[in-house]
Amino acid sequence: MSSVLTLIAQRVALGIVLLFFVSLLIFLGTLALPGDVAQTILGQSATPESLANLRASLGLDQPPLTRYLNWLAGIFQGDLGNALTNGRPIAESIGKRLGNTMFLAFWTAVIAVPLSILLGLLSVRYRNRWPDKLISSVTLTSISVPEFLLAYVMIFVFGVKLGWFPTISLPNDSMSLGQKLYSISLPILVLVMVILAHMMRMTRAAILNVMESAYIETAELKGIKQFTIIASHAMPNALSPIINVVMLNLAYLVVGVVVVEVVFTYPGLGSYLVDHVAKRDLPVVQAVGIIFAAIYIGLNILADVLSILTNPRLRHPK
Amino acid sequence: MIRIPLAAVIGLFLTSTYFLVAIFAPYIAPYGMAEIVGDVWEPMSIEHWLGTDNIGRDLLTRMIYGARTTIAVATFATLVSFVIGSVLGFTAAVFGGWVDQALSRFVDLIMSIPSLIFALVVLSVMPVTLPVLILVMGLLDSTRVYRLSRAVAVDIYVMDYVEAAKLRGEGRGWIIFRELLPNALSPLVAEMGLRFIFMVLTISTLSFLGLGVQPPNAEWGLIVKENKDGIVYGIGAALWPALSIATLAISVNLVADWVLTRTTSLKGGRE
């Protein structure tokens, strides 16, 4: 058991090192790029005095290393700096929005994960027959359309033409859970469609891969029922790749959520990021960027850890 | 005469139609790109096949010019991504050792940030112009091409004919261009189709977010952004790009599939 713990500790440590380099990359990416940031923010007509002022308030007059270390130290103390646009602490604005984004992502996952595994199993069971072909052509189409367009098609059909769901998602604290869920039903539907397609196709591939093995053929020759073979012979071996698929897609959700939040004007972290990229509010972009990267890396580590736990072969690296 | 499967014929036909429309946009479009020719959101008519947009421009014209921008940006970004990704990938495979390690770890690092987030972070400090967009998209995407071409090249590099070339004293340039490249071409070409589609989705997403192609230029994602307010009134002008992007994506996919199966069957059906 201790070897498992060591392996997991290694993965987590690796993730932390990675996150450290990512912070460096985001910092360099925003402050060391060609062009003067202060000039970009103020535009060509800025006076030299206002440029100098802005540089001083951004700390641009200090050497890059000092700036980076100050920024990093701030993050560890929960201080993400102040937004340029309204001068208020970023951590304050982010807290609530992060919660909103997590709420959306959580309910999407609750619906999408079991559904995709079920559909994956179904399409393997009826491989190359009409249920499989139907599922795979629907998922192929939904992969070929970008998230924001899928969202507008959904709004047009279900929100406007049929009038079933609200087209703008503004949940607030006075609502009950049911009302909140109803208000975000369209964004959830869109996100489910987007990640369901990827997840279901990868689940199908993972199970099919296992189904080609010799022991499955043996089970078939023994006369075991098809569903029993899938459930008790194929599933345990397909579990580790499936968990991996699920985690990777939840990480993908982090990106999908950005666009969908903008479409539905949902007060989450993604729409906050896009707003402030347009306003060139650097401290906010850096802060939100590092948070998204941290979630993404965190989910990937979780995927690694879970596959170590579910797949004994990974516990004994050669 | 080569027999082409029906799916590939449809794919080839639609893909080439889109590219022709993109190239000859100024000659095909019935009106000027930013010319205001009618009322706001007119319905479909003989004069305006798809109706007009949010400020009274002909929507068909906007879609045609949009195809031009979208396809041009996606094509150039794909080229940037392939040139950089495959050169670095082959280099890593041929040189191995610390070169390989350094490149691969750096690519791992970049890929640990979701590429849309990374693009947004970079675009917050760069001016949003077409060359910058092409470069940012191409560079971020080259990480995927790098991984594929390195993996393919590492497989080929241990083949006997490469060994033979090394023994007769060929240089690294010869091995990369005359031994690795021809044999790695078919998976790379198939991947190229997928990367191109991904680029189309990326540029239209960025434009939709207001951080890609800027008005008055036309771009499919931008058309959605401009006309999205009509949707709540039941005006579907913003939905046309959905149709064009989906058909383009599916037809390019069909062609890529066909290229992959055809080139592999040429080499004795390596399935």
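Chain letters run A, B, ... following the sequence lines, proteins first and then strands; every chain starts at 1.
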Q: Could you give the distance from OH (A:Tyr152) to CG (B:Leu239), rounded to the nearest 0.5 Å?
A: 10.0 Å

Q: Indicate the atoms forming the closest heavy-atom contact of A:Ala293 with B:Pro114, along with that distance.
A: CA-CD, 4.5 Å

Q: Could you check whether any side-chain heavy atom of A:Leu25 comes within less than 4.5 Å of a side-chain heavy atom of B:Phe118, counting everything from C-beta outward?
A: yes

Q: With respect to chain B, which residue among A:Leu19, A:Val262, A:Asn300, A:Val22 yields the maximal number of heavy-atom pairs within a distance under 4.5 Å?
A: A:Val22

Q: In Å and rounded to the nearest 0.5 Å, what is the CG to OG distance from A:Leu273 to B:Ser124?
A: 8.5 Å

Q: Hey, are the side chains of B:Leu120 and A:Val285 touching, using non-hydrogen atoms and a 4.5 Å cut-off?
A: no

Q: For B:Phe198, is it the side chain, the backbone, both, or neither that has a heavy atom closer than 4.5 Å to a heavy atom of chain A?
A: neither

Q: What residue, out of B:Gly210, B:Ser112, B:Ala246, has the most heavy-atom pairs lying under 4.5 Å from chain A?
A: B:Ser112

Q: Does A:Tyr296 form a side-chain contact (heavy atoms from CB on, under 4.5 Å) with B:Ile113? I'd like the steps, not just the answer.
A: CA-CA 7 Å; A:Tyr296 193 74; B:Ile113 308 175; over 6 Å; no

Q: Between chain A and each of B:Leu109, B:Leu209, B:Leu201, count heavy-atom pairs under 4.5 Å; write down the option with the most.
A: B:Leu109

Q: With respect to B:Ile117, which candidate in A:Ile26, A:Val258, A:Val288 satisfies the side chain to side chain contact (heavy atoms under 4.5 Å, CB included) definition?
A: A:Val258

Q: Where on A:Val153 is there a heavy atom nearer than 4.5 Å to chain B: the side chain, the backbone, both, or neither?
A: both

Q: Checking A:Leu18 against chain B: side chain, backbone, both or neither under 4.5 Å from a heavy atom?
A: both

Q: Can you establish whether the number of heavy atoms outside B:Phe76 located under 6.0 Å from its atom CZ is more than 12?
A: no

